[in-house]
Peer 1: 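Let me give you the structure first, and then I'll get to my questions.
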Amino acid sequence: MASLWPLTLICIFAFSLSVAHSKTLKRDVKALNEIKASLGWRVVYSWIGDDPCGDGDLPPWSGVTCSTQGDYRVVTELEVYAVSIVGPFPIAVTNLLDLTRLDLHNNKLTGPIPPQIGRLRRLRMLNLRWNKLQDVLPPEIGELKRLTHLSLSFNNFKGEIPKELANLPELRYLYLQENRFTGRIPPELGTLQILRHLDVGNNHLVGTIRELIRIEGGFPALRNLYLNNNYLTGGIPAQLANLTNLEILYLSYNKMSGAIPSALAHIPKLTYLYLDHNLFSGRIPDAFYKHPFLKELYIEGNGFRPGVNPMGAHKVLELSDTDFLV
């Protein structure tokens with residue numbers, strides 16, 4: 001057995017040497033150098049040399065993560081955020097076919113997301129929030145079958161939310177708030193079996209909750225539902241209580257009406273319920289005030305009967321960057 005030890009060391013050394021001298025795939029080198037040459041990306045001063053994965057004494061480019069596949073290194077993560085990058089979404093990014101994470105949030109990117117985005121079939125996280133992106137969302141986003149996190153909030157996207165987002169079976173977090181989306185929220189999103197967080201607040205959406213949850217057994221894993229600051233109408237259907245994992249329901253600043261169904265108080269872990277600034281009327285069932293988990297019940301700006309009281313101190317609920325991590 002002892003005689004095998006030198007051979008093992010030789011094998012480990014040979015493997016390490018091959019990794020160290022692996023060449024970066026030309027496709028990825030070309031794509032990132034094309035991006036680097038763009039006028040709006042010259043703020044990324046730390047991109048030194050020609051090889052984004054590092055070459056000799058030069059380290060990998062800041063925000064670029066590479067891994068070895070066979071005889072080559074490929075770019076698997078591109079995270080360049082909060083550095084004031086300007087200009088259109090870099091189409092060359094869509095040539096980085098091994099990307100699993102793309103994070104360009106908090107920059108000044110403009111224009112549409114190109115349909116070529118659908119080429120990034122290994123992408124698990126796409127974060128483009130806090131930019132100035134616009135136009136309609138390309139349906140090709142629905143081809144990113146491994147996507148778990150999608151954040152497009154705080155941009156200027158318009159048009160309807162594409163129903164193709166329902167083709168993302170691994171999607172858990174969907175952030176579309178603070179845009180200019182119109183039309184109805186696709187009920188097909190209810191077929192996403194592990195979707196935990198859906199935020200479409202602060203848009204120009206219409207329709208009813210009844211339409212949104214019309215697919216039987218829909219939204220089985222949903223915990224947080226943000227529909228605030230839109231133009232939703234109609235009442236709260238008792239069937240909403242079928243979303244048994246719901247913890248946050250944010251309906252503020254819509255045009256919803258009617259009474260609050262007592263069935264809603266039977267959602268086991270409902271913690272935050274925001275009904276304010278709508279057209280609701282009647283009374284709040286006593287079961288809400290006895291709910292073991294309910295901390296916030298905000299009701300101002302409605303037509304409830306006198307004596308109906310809120311619960312807790314109203315605060316804006318937003319997830320931090322750490323909650324967004326894959």
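The chain is numbered in sequence order, starting from 1.
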Peer 1: Which pairs count as side chain to side chain donor-acceptor pair (under 3.5 Å) when at least one residue sits in residues 35-53, sequence neighbours excluded?
Peer 2: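 Qualifying pairs, neighbours excluded: Thr24-Asp51, Asp51-Arg73.
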Peer 1: Would you indicate whether Arg283, at its atom CZ, is surrounded by more than 12 heavy atoms from other residues, nucleotides or ligands within a distance under 6.0 Å?
Peer 2: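 Result for CZ/Arg283: enclosed.
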Peer 1: State whether Lys23 and Asp55 are salt-bridged, where the test is any N-O pair (Lys NZ or Arg NE/NH1/NH2 against Asp/Glu carboxylate O) under 4.0 Å.
Peer 2: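 Judged by the 4.0 Å cut-off on N to carboxylate O distance, Lys23 and Asp55 do not form a salt bridge.
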Peer 1: Within this structure, what is the CG-OG distance for the pair Asn278 and Ser252, rounded to the nearest 0.5 Å?
Peer 2: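 Here the rounded value is 7.0 Å.
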Peer 1: Please determine if Glu170 and Lys145 form a salt bridge, counting it only when a charged side-chain N lies under 4.0 Å from a carboxylate O.
Peer 2: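 No, this pair does not count.
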Peer 1: Relative to each other, are the rings of Tyr274 and Tyr298 parallel, tilted or perpendicular (30° and 60° limits)?
Peer 2: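 Taking Tyr298 first and then Tyr274, their aromatic rings stand perpendicular (interplane angle over 60°).
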Peer 1: Evaluate the side-chain proximity of Asp199 to Asn224: yes if any heavy-atom separation is below 4.5 Å, no if none is.
Peer 2: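 They are not in side-chain contact.
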Peer 1: Verify side-chain hydrogen bond (donor to acceptor under 3.5 Å, both in side chains) between Arg129 and Asn127, making sure each step is shown before the conclusion.
Peer 2: CA-CA 6 Å; Arg129 73 181 187 273; Asn127 187 1; 3.1 Å; yes
Peer 1: For atom OH of Tyr231, is the number of surrounding heavy atoms from other residues, nucleotides or ligands below 6.0 Å larger than 12?
Peer 2: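 Count not over threshold, so no.
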Peer 1: Might you confirm whether atom NZ of Lys30 has over 12 heavy atoms from other residues, nucleotides or ligands at distances under 6.0 Å?
Peer 2: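 Not buried by this count: 12 neighbours or fewer within 6.0 Å.
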Peer 1: State, yes or no, whether a side-chain contact exists between Thr233 and Asn254 at a heavy-atom distance under 4.5 Å.
Peer 2: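 The answer is no, as the side chains (C-beta and beyond) never meet within the 4.5 Å cut-off.
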Peer 1: Between Tyr173 and Tyr175, what is the ring plane arrangement, given parallel below 30°, perpendicular above 60°, and tilted in between?
Peer 2: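 Correct class here is parallel.
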Peer 1: Mind checking whether Phe154 and His105 have ring centres under 6.0 Å apart?
Peer 2: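 No, ring centres 6.0 Å or more apart.
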Peer 1: Please confirm whether the ring centroid of Phe181 lies under 6.0 Å from the ring centroid of His204.
Peer 2: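 So the answer is no for these two rings.
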Peer 1: Please determine whether the number of non-hydrogen atoms from other residues, nucleotides or ligands lying under 6.0 Å from atom OH of Tyr81 exceeds 12.
Peer 2: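 Counting other residues, nucleotides and ligands, OH of Tyr81 stays at 12 neighbours or fewer.
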